[in-house]
Amino acid sequence: MSRDPMDVVPEDQDLVFVAEWLAQQFLSPPDVQHVEAARSMPGQIALRRIGDRLGQPAAADALCQLLAAGSAADVTLAVERRHTALFEGIFRQRSVPPYASLWDGTGRLCGPAVDCMRAVLRDLDMHVQADCVEPPDHLAIQLAALAEAMRQRRTAAVTDLTDQMRVWTGRFAAALIRADGVGYYGNLARFLLSLLDRIADGSATVDGGRAAAAI
Amino acid sequence: MNTTKNLTMTGGPLLSKRAFLKGTAAAALGLSGLPLLARGAIAQAAPRKILSGCHWGVFYGKVADGRVTEFIPWEGDPSPSPQLPGVMDSIYSESRIRYPMVRRAWLEQGPGADPDGRGSGDFVRVSWDKAIELVAGEITRVRAQYGQQAVFAGSYGWKSPGKLHNCQTLLRRMLNLTGSYTNSSGDYSTGAAQVILPYVSGSIEVYEQCTTWKNLAEHCELMVFWGCNPLNSSQISWQVADHGAWPGIAMMKAAKTKVLCIDPVRTETCKELNGEWLAPRPQTDVAMMLGIAHTLYTEKLHNQDFLDRYTNGFDKFLPYLLGKTDGTPKSADWAAGICGLPAETLRDLARRFAAKRTMLALGYSTQRQHHGEQIHWMLITLAAMLGQIGLPGGGYGLSYHYASGGAPTHTTPILKAIDDASGQASDGAAWLSQSGAVSIPVSRLVETLLNPGKTMQFNGHEITLPLIKLAYWAGGNPFSHQQDRNEMLRAWRRLDTFIVQDAQWTASARHADIVLPATTSYERNDIEQVGDYALSHIVPMKKIVDPVFEARSDFDIFAAIADKLGKGYAFTQGLSEMDWIRGIYESAKIESRAKGMEMPVFDVFWESNKPLEFPLGKEQADFVRHADFRADPLLNALGTASGKFELYSAAIEKYGYDDCPPHATWMEPVERLGGPTARYPLHLAANHPQMRLHSQLCGTVNRQSYAIAGREPCWMHPEDARARGLSDGDVVRVFNDRGQILAGLKITDDICRGVIRINEGGWFDPANAREIGSLCRYGDVNNLTTGLSTSKLAQGNCGHTGVAEVERFKGSLPPVVVFSQPA
């Protein structure tokens with residue numbers, strides 16, 4: 001992977017932030033403090049701004065309404081249930097595993113996508129923290145790596161990783177939207193697709209017109 | 001993209017969105033650093049081949065960058081199992097349990113909440129600390145409220161091999177150190193035979209060495225595989241498979257030994273040896289054997305000298321055989337009417353058996369039926385009448401199909417194993433140990449849950465069935481191996497708590513209240529011997545990859561629970577995993593020295609990345625079962641009351657069981673093909689599968705090699721299919737009064753008419769988990785088999801007793817969901 005110091009990614013701290021925020025959401029359900037923060041006025045404004053930034057105002061609206069419906073404790077429980085059923089659960093009709101390996105055609109966990117991600121992390125001079133038990137092809141780790149690549153202004157790395165992610169996240173997000181509809185994670189799936197689109201658009205600008213979609 | 005343009009937010013002040021997101025959104029949404037990545041690259045490890053072992057054999061795990069990419073058979077394996085890809089897949093299959101989970105109703109409402117909801121999948125992920133606290137707390141609560149016996153730890157199943165991480169021993173170790181529990185005795189493989197054989201031949205026999213294949217190739221003239229298929233079930237061993245059956249079969253093939261296979265299925269072994277195939281009606285083996293025995297006697301082909309010198313009680317069996325006690329001579333004509341083979345065939349078999357040096361090789365499946373005790377007893381009676389027991393190439397063998405029985409035993413020390421802290425000796429089969437406050441026959445848990453306080457006869461004594469409120473299962477899948485699934489579901493509702501510790505989301509795990517993710521044996525270190533009978537090597541079972549997700553080793557899990565209950569040190573004895581393994585090895589090293597061998601020091605052994613081989617003596621290569629008894633029946637007396645083969649048992653007579661008379665006897669099973677009580681026209685053969693180990697590996701890539709329309713295959717004879725208008729590949733509904741399943745139809749003339757084959761071990765996948773009797777979408781045959789016991793003597797399971805009907809499935813086909821493949 002290129003380490004050309006002349007590579008330039010447009011500084012886009014917004015997208016770095018959104019990628020990391022989405023990583024957090026997919027990694028584990030928000031606890032009650034996070035839900036309370038997101039229900040607050042600044043939190044709601046932030047969510048709507050994310051929605052605007054990604055061109056997904058309706059999804060942001062839905063998230064805001066969902067987070068405001070009922071007590072913070074009830075909302076936390078509901079979101080936690082959905083996270084377990086969708087990402088930690090065991091039933092096909094409800095489970096949408098957030099691992100590249102299960103969507104890239106190899107058919108099992110910890111497939112070649114893990115090797116690819118280890119290479120990406122090495123290239124970024126990063127590693128997965130020891131207390132994280134997820135393999136590096138977990139969506140959250142890919143998003144975190146993408147954020148880091150953007151932070152390091154590594155155009156080629158951003159491009160490669162975005163390409164890798166778009167191989168599988170299209171079908172993953174579609175399945176997630178089918179499973180969760182306008183629920184919390186269904187709307188995050190819409191955010192995810194838009195985020196990758198926007199990052200790809202940005203990289204394409206630098207690289208001179210790379211194909212916009214690989215879904 | 002224009003990220004610097006100032007925009008107006010509705011209802012708010014003019015703000016730079018970018019500035020906003022950069023500056024305040026993180027705080028507004030509570031995001032304060034993502035704890036995922038850290039600075040510094042981890043060097044890529046060089047690719048390696050790491051030696052280990054499993055039920056399917058010795059192998060190398062090929063590892064690249066911390067990820068296993070291939071399991072490669074050890075070069076010393078004479079016939080590697082084709083199941084090995086599924087073994088590797090068990091690490092990474094989607095059915096892997098990733099985190100500790102608790103059923104929501106149980107967590108929120110307490111033990112016993114919404115028992116009907118088990119299996120419906122509403123789990124909550126919890127931390128390990130929380131999970132350990134819940135388990136320890138529940139064990140304590142149940143013991144305090146209901147007594148020690150209310151915790152059931154008779155956890156049974158094939159787990160994984162290894163002398164340290166024997167999860168069932170470790171479970172009992174933890175419970176023995178902290179109190180007691182209800183245990184189970186016996187097993188599902190040989191539940192009937194292992195109880196009756198000590199009365200007949202003085203030992204359980206079914207797990208003991210047979211006359212070797214080499215000896216058979218040199219001396220046997222007629223090899224009879226009776227419900228016995230080594231080329232299927234010897235793929236696996238309880239320890240690490242040696243696959244010695246393959247060179248054994250090859251020797252017989254080279255010797256052109258005449259082979260006869262008595263089986264409803266034309267087996268792999270039958271085909272390989274170009275055997276003659278006879279297919280009597282299932283469950284009529286005793287009648288068939290009696291018909292042969294009657295011919296032997298009436299044509300004076302029996303060996304009276306052998307009966308006189310080496311057996312006891314033939315005089316009491318003979319009147320039954322001749323019909324003097326019940327008015328029914330057990331003639332070939334009488335037997336033909338029951339077993340469906342022509343009488344002349346039975347007479348011919350008697351003559352051939354007597355004229356040739358004949359080995360009668362009987363499989364375990366034959367005794368997993370109602371009154372299953374009688375089959376092994378009758379076979380030994382028949383073999384005794386032939387008088388070839390103890391002669392080269394003749395007699396009987398009860399393990400030729402299992403774990404390569406007949407592969408010669410090497411001179412080796414026996415590896416000790418971690419014990420269950422009961423204070424009892426741990427030599428021999430761990431699952432036959434008897435610790436615990438109470439012990440029930442292993443297949444009687446359902447009956448126990450439904451009938452606490454009831455008394456049950458078992459092997460000459462009476463058991464009062466305990467009240468059980470908590471069942472803890474490790475390394476087993478009762479929602480596969482227990483018969484009559486719907487009766488089981490009713491019984492399971494009596495439990496407050498069901499804990500499952502496993503690597504895979506089996507049907508049992510799905511029906512659990514607390515699920516603990518265990519490592520596979522490829523994510524931890526252990527040590528084991530190669531070959532249940534051969535004992536040819538000691539193999540370092542080296543960790544191939546680090547534990548995936550939040551899986552922990554069984555040793556670590558039980559140590560943590562024991563620690564929570566105040567017995568952590570007693571459990572571990574302050575020793576690490578490698579300390580234990582080293583100790584086990586060094587104990588064997590001392591034993592080997594007493595046998596004139598010097599094993600390398602542990603570190604050399606461990607780092608060699610090779611199995612340690614032990615020598616094979618000429619005598620062992622030519623071993624003949626019971627030859628020593630035949631040579632000197634006084635000096636080498638059998639362990640029976642008389643020291644001889646007991647063809648009539650005074651002890652069993654005293655028990656007075658109406659379902660287990662004191663000599664081998666034909667008794668109608670509760671239902672059978674063509675029998676007087678059968679309500680359905682097809683017999684169910686619940687065979688051992690070819691591409692998995694019972695239910696192990698059902699959730700792996702191996703399933704792609706056999707599933708039909710995504711379901712468990714159902715074999716059917718072409719004429720039976722034609723009569724029902726069925727076609728190859730149809731999805732069919734198989735049903736009887738006990739349950740209903742879907743299956744994929746395979747039409748083949750490798751199965752006899754009137755019999756369908758649906759392998760045991762398919763994962764239970766109820767269409768509606770809350771509904772008892774719901775359609776199983778994948779094809780778990782134990783929805784259809786009976787939960788009755790074999791008899792009051794052994795209380796074994798009847799996994800081969802069942803009749804059913806088959807029809808094309810109509811309506812909207814429900815998807816199989818038990819394997820959690822992505823959409």
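First the proteins, then the strands, lettered A, B, ... as listed; each starts at 1. The model shown is predicted, which means the values in this text are computed figures rather than measured ones.
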> Do you know which of B:Gln44, B:Arg125, B:Arg67, B:Arg39 has the most heavy-atom pairs under 4.5 Å to chain A?
Replying inline: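 Answer, by heavy-atom pair count under 4.5 Å with chain A: B:Arg67.
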> Is the charged tip of B:Arg703 near the ring of B:Phe819: under 6.0 Å from the six-membered ring centre and within 45° of its axis?
Replying inline: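 Yes.
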Below 4.5 Å from any heavy atom of chain B, which atoms of [X] appear? Answer side chain, backbone, both or neither.
X: A:Ala147; result: neither
X: A:Tyr99; result: side chain
X: A:Leu67; result: neither
X: A:Pro112; result: both
X: A:Glu148; result: side chain
X: A:Cys110; result: both

> Does any N or O in the side chain of A:Trp103 come within less than 3.5 Å of the main-chain N or O of A:Pro97, such that one atom is a donor and the other an acceptor?
Replying inline: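 Flag set: sc A:Trp103 to bb A:Pro97 pair under 3.5 Å.
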>> Quick one: does any side-chain atom of A:Glu134 pair with a main-chain N or O of B:Phe549 as donor and acceptor, under 3.5 Å?
In response: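 No: the side chain of A:Glu134 does not pair with the backbone of B:Phe549.
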> Between A:Phe26 and A:Phe87, does the ring centre distance come in under 6.0 Å?
Replying inline: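 They qualify: ring centres under 6.0 Å apart.
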>> If we count only N and O atoms by modelled type, under 3.5 Å, do the side chains of B:Ser93 and B:Gln504 hold a donor and an acceptor together?
In response: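 Yes, B:Gln504 and B:Ser93 have a side-chain donor paired with an acceptor closer than 3.5 Å.
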> Residues two or more places apart in sequence or in another chain: which of them pass side-chain hydrogen bond (donor to acceptor under 3.5 Å, both in side chains) with A:Trp21?
Replying inline: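 side-chain hydrogen bond (donor to acceptor under 3.5 Å, both in side chains) list for A:Trp21, sorted by chain: empty.
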> Among all residues two or more places apart in sequence or in another chain, which pass the side-chain hydrogen bond (donor to acceptor under 3.5 Å, both in side chains) test with A:Tyr184?
Replying inline: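 With sequence neighbours excluded, A:Tyr184 shows a side-chain hydrogen bond (donor to acceptor under 3.5 Å, both in side chains) to A:Gln25, given in chain and number order.
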>> So which residue, A:Met41, A:Arg118, A:His34, ends up with the most heavy-atom pairs under 4.5 Å with chain B?
In response: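 Among the listed options, the one with the most contacts to chain B is A:Arg118.
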Is [X] close to chain A through its backbone or its side chain, or both, or neither, when contacts mean heavy atoms under 4.5 Å?
X: B:Tyr99; value: side chain
X: B:Val701; value: side chain
X: B:Ala551; value: neither

